[in-house]
Amino acid sequence: TFGSDGFKSLYLKFKDLDNFESPTWRGEVLIGEDPFGARQISANPSRLFTIRGGQLWAMGDACYGRTMPANVKCFYNEPQIFDFDDKWIHVSAGGAFSAAVKTDGTLWSWGVNVNGALGQGLTPSETTVVLAPQQVGSDHDWAFVSAGSNHALALKKDGSLWAWGYNSYGLLGDGSAADKSSPVQIGNSNQWKKVFAGAYRSHGIMADGSLWTWGPQDSQGNFFSSPTKFGTDSDWLEISTVNGSFLALKTNHTLWAWGINNVGQLGDGSTVDIATPKQISSDSNWVSVNSSGLEPFMPFQGTSSFAL
C-alpha cells in the first residue's frame, strides 16, 4: 500500500494519518489475507462487499449516504450477509451504486440511480435508494462488471463491451454525451478481456494486451468519446485508476504507474507527477492492483494505492 490513508477506509484499519511514497507493508492491512474467508472483495472508502460461499456479504454504508426511515439499518460495523443467494461470483462496489454477476450470467445492481447508474431503465434519481439487488434486464450471458462513481462498464461472455449511466465527456464510450439508463453495446469488438470504470475514467484491455482509454483525460477538458488505444505496448494485464492516478500490471507481473502523485500514491518514492507509464520497483511477482480515494459526495479525503 502507498499514498495517503487519510480517508480512513473501512477495509484498511489504519490508525494514523500518514503518507507512503513507495510500496510499504502495513500490519493492519487486510488485503490479500482473506479476512472473511471471501473469494472476492470489492471496496471503496464507504462500503465493502465480499463473496463468501457464493453469498454476498457487506460492511459499511448500505444507504449510499442518503437519509432513510428510522427502521432502515444503513451502517454495518462488521461484515454480514447482504444477500442469502449462494450464486454470486463477482461484485463491484461503485460510488453511488454497486453491481454484481451471478453464476447463471445474470447482472444485478442496487444503490442510487444517479444518471441511470443502476442500468435498470428507471428514471434517474438523486435520492431514491434501491436497497436490495435488482436484476438488470433479462440476459444470462454477463461475465464481469465494474462500477464507477455513477457509470458502469461490463463484459459479456462473448467478449463484447457494454456501458450505462453517466456519460459526460464520453465516459461510456458510445460516441455521445447522453446518459444511458440501460446497457448499450460499445463498438462491435468481441475482443475485450478486462474493463475498469474509475471515478470519472474508463479503461479496457483487449485480448492482444493493448490498453484503451476513454472519457476525461486531464484537467484541461480533453476527452475521448470512444475507446482509444493508449500507447503501443501489447502486454497489459490489469489497470486501476482514481483521481488521475493510474496503476497497472503487465503480463510479466511488473507494476507500472503514471499520473497524479501528490501524496506518493504512485509508489515511486516521490510526490512528482509521472507523465508516462513508469515501472515501480523491480519485482515481477505482482498479481493485483487497486486504487481508492475520494468520490465527489463521500465524507473522506485522500488517495491510496494497493498492490499484491
Side-chain angles (χ1 to χ4, degrees), residues 42 89-92 94 99-109 115-121 136-218 222-241 246-252 256 258 276-277 288-289:
S42 181
I89 58 170
H90 174 75
V91 63
S92 181
V101 177
K102 288 188 177 183
T103 54
D104 63 358
T106 54
L107 176 65
W108 300 71
S109 65
N115 302 105
L118 296 184
Q120 298 170 9
V136 177
S138 59
D139 292 349
H140 283 69
D141 57 350
W142 296 101
F144 180 85
V145 64
S146 178
S149 279
N150 47 8
H151 82 291
L153 303 175
L155 297 180
K156 287 196 170 185
K157 294 178 180 179
D158 64 358
S160 59
L161 171 62
W162 297 71
W164 62 93
Y166 186 57
N167 198 22
S168 182
Y169 296 101
L171 268 175
L172 301 186
D174 69 339
S176 79
D179 297 347
K180 302 295 188 297
S181 61
S182 299
V184 295
Q185 185 171 357
I186 306 304
N188 55 14
S189 174
N190 63 352
Q191 295 299 305
W192 294 101
K193 290 297 184 183
K194 294 281 185 70
V195 288
F196 179 83
Y200 291 100
R201 307 271 181 165
S202 296
H203 299 278
I205 296 176
M206 289 273 201
D208 63 1
S210 58
L211 177 61
W212 297 69
T213 180
W214 57 101
Q217 298 299 303
D218 53 39
N222 296 307
F223 66 96
F224 296 131
S225 61
S226 60
T228 302
K229 192 174 182 179
F230 177 85
T232 59
D233 291 354
S234 58
D235 56 352
W236 295 105
L237 179 65
E238 185 175 332
I239 186 170
S240 180
T241 176
F246 303 84
L247 289 179
L249 297 182
K250 289 198 170 187
T251 54
N252 62 359
W256 297 71
W258 64 97
T276 58
S288 183
V289 291

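The first residue of the sequence shown is numbered 1, and numbering continues consecutively from there. Worth knowing before you read on, the calculation uses all heavy atoms, side chains too, and leaves out hydrogens, waters and symmetry mates. Please read these numbers as outputs of a predicted model, since none were measured by experiment.
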Enquirer: Are more than 12 heavy atoms, taken from residues, nucleotides or ligands other than Asn188, located less than 6.0 Å from that residue's CG atom?
Expert: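 Atom CG in Asn188 is not packed in, count stays at 12 or less.
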Enquirer: Hey, are Asp179 and Asn115 close enough side-chain-wise for a donor-acceptor pair under 3.5 Å?
Expert: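 There is such a pair between these side chains.
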Enquirer: Sub-3.5 Å donor-acceptor pair from the side chain of His151 to the main-chain atoms of Ser149, do we have one?
Expert: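 Pair absent, no side-chain N/O of His151 close to backbone of Ser149.
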Enquirer: Answer yes or no: does atom CZ of Phe144 have more than 12 heavy-atom neighbours from other residues, nucleotides or ligands under 6.0 Å?
Expert: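 Enclosed.
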Enquirer: Check whether Asn167 reaches the backbone of Ser176 with its side chain - one donor and one acceptor, N or O, closer than 3.5 Å.
Expert: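 Yes: the side chain of Asn167 pairs with the backbone of Ser176.
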Enquirer: Test Lys250 against Leu237 for side chain to side chain contact (heavy atoms under 4.5 Å, CB included), laying out the working first.
Expert: CA-CA 5 Å; Lys250 289 198 170 187; Leu237 179 65; 5.8 Å; no
Enquirer: For the pair Lys180 (side chain) and Ala178 (backbone), establish whether a donor and an acceptor sit closer than 3.5 Å, ignoring hydrogens and angles.
Expert: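 Indeed, once roles are kept as given, a pair shorter than 3.5 Å links the two residues.
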Enquirer: Between Phe230 and His203, is the ring centroid distance below 6.0 Å?
Expert: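 Not close enough - the centres of the two rings lie 6.0 Å or further apart.
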Enquirer: Over all heavy atoms of both residues, which pair between Val101 and Val145 is shortest? Give the atoms and the distance, please.
Expert: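 Nearest pair, atom of Val101 first, then Val145: CG2-CG1, 4.1 Å.
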Enquirer: What are the two closest non-hydrogen atoms of Ser92 and Ala147, and how far apart are they?
Expert: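 Result for this residue pair: OG-N, 2.8 Å.
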Enquirer: Taking all heavy atoms of Leu172 and all of Ala163, pick out the closest pair and write down the distance.
Expert: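 Distance-wise, the nearest heavy atoms are O-CB, 3.7 Å.
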Enquirer: Taking the side chain as every heavy atom from C-beta outward, state whether Leu161 and Leu155 have any atom pair closer than 4.5 Å.
Expert: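 In short, these two side chains touch, coming nearer than 4.5 Å.
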Enquirer: Over all heavy atoms of both residues, which pair between Ala248 and Trp236 is shortest? Give the atoms and the distance, please.
Expert: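 So the two residues come closest at CB-CZ3, 3.5 Å.
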Enquirer: Quick one: pull up CG in Leu171 and OG in Ser202 and give me the separation to the nearest 0.5 Å.
Expert: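 So the gap between those two atoms works out to 5.0 Å.
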Enquirer: Please report the C-alpha distance between Lys157 and Asp141 in whole Å, then the side-chain angles of each, then the deciding distance to 0.1 Å, and finally whether the salt bridge (Lys or Arg N to Asp or Glu O under 4.0 Å) criterion is met.
Expert: CA-CA 6 Å; Lys157 294 178 180 179; Asp141 57 350; over 6 Å; no
Enquirer: Looking at Gly170, is its backbone amide N or carbonyl O close enough to the side chain of Ser225 to form a donor-acceptor pair, meaning the two atoms are under 3.5 Å apart?
Expert: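 No: the side chain of Ser225 does not pair with the backbone of Gly170.
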Enquirer: Working to the nearest 0.5 angstrom, can you tell me the gap between Ser240 OG and Lys194 NZ?
Expert: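 Between Ser240 OG and Lys194 NZ, I get 11.5 Å after rounding to 0.5 Å.
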Enquirer: Heavy atoms, side chains only, cut-off 4.5 Å: are Leu153 and Trp214 in contact?
Expert: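 Of all side-chain heavy-atom pairs linking Trp214 with Leu153, at least one is under 4.5 Å.
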Enquirer: What distance do Ile239 atom CD1 and Phe196 atom CZ have between them, rounded to the nearest 0.5 Å?
Expert: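 Ile239 CD1 to Phe196 CZ: 8.0 Å, rounded to 0.5 Å.
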Enquirer: When rounded to the nearest 0.5 angstrom, what is the spacing between CG in Leu247 and OG1 in Thr241?
Expert: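 Here the interatomic distance stands at 8.0 Å.
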Enquirer: Looking at every heavy atom in both Ser146 and Ala197, which two are closest together, and how far apart are they?
Expert: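 Of all heavy-atom pairs spanning Ser146 and Ala197, the closest is OG-N, 2.9 Å.
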Enquirer: Kindly give the heavy-atom pair with the smallest separation between Val136 and Gly119, and that separation in Å.
Expert: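 Taking every non-hydrogen atom into account, CG1-O, 3.2 Å.
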Enquirer: Between Trp162 and Trp142, how do the two ring planes meet: parallel, tilted or perpendicular, split at 30° and 60°?
Expert: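 The rings of Trp162 and Trp142 stand perpendicular, inter-plane angle above 60°.
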Enquirer: Just by modelled atom types, is the Gly215 backbone N or O under 3.5 Å from a matching donor or acceptor in the Arg201 side chain?
Expert: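 Between the backbone of Gly215 and the side chain of Arg201 there is no qualifying donor-acceptor contact (under 3.5 Å).
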Enquirer: Are Trp164 and Pro183 close enough that some pair of their side-chain heavy atoms sits under 4.5 Å apart?
Expert: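 SC-SC contact between Trp164 and Pro183 confirmed.
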Enquirer: Enter the distance from Gln191:CD to Asp158:CG here, rounded to the nearest 0.5 Å.
Expert: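 Those atoms lie 10.0 Å apart.
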Enquirer: Measure the CH2-OG distance between Trp212 and Ser226 for me, rounded to the nearest 0.5 Å.
Expert: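 Answer for the CH2-OG pair, Trp212 versus Ser226, is 9.0 Å.
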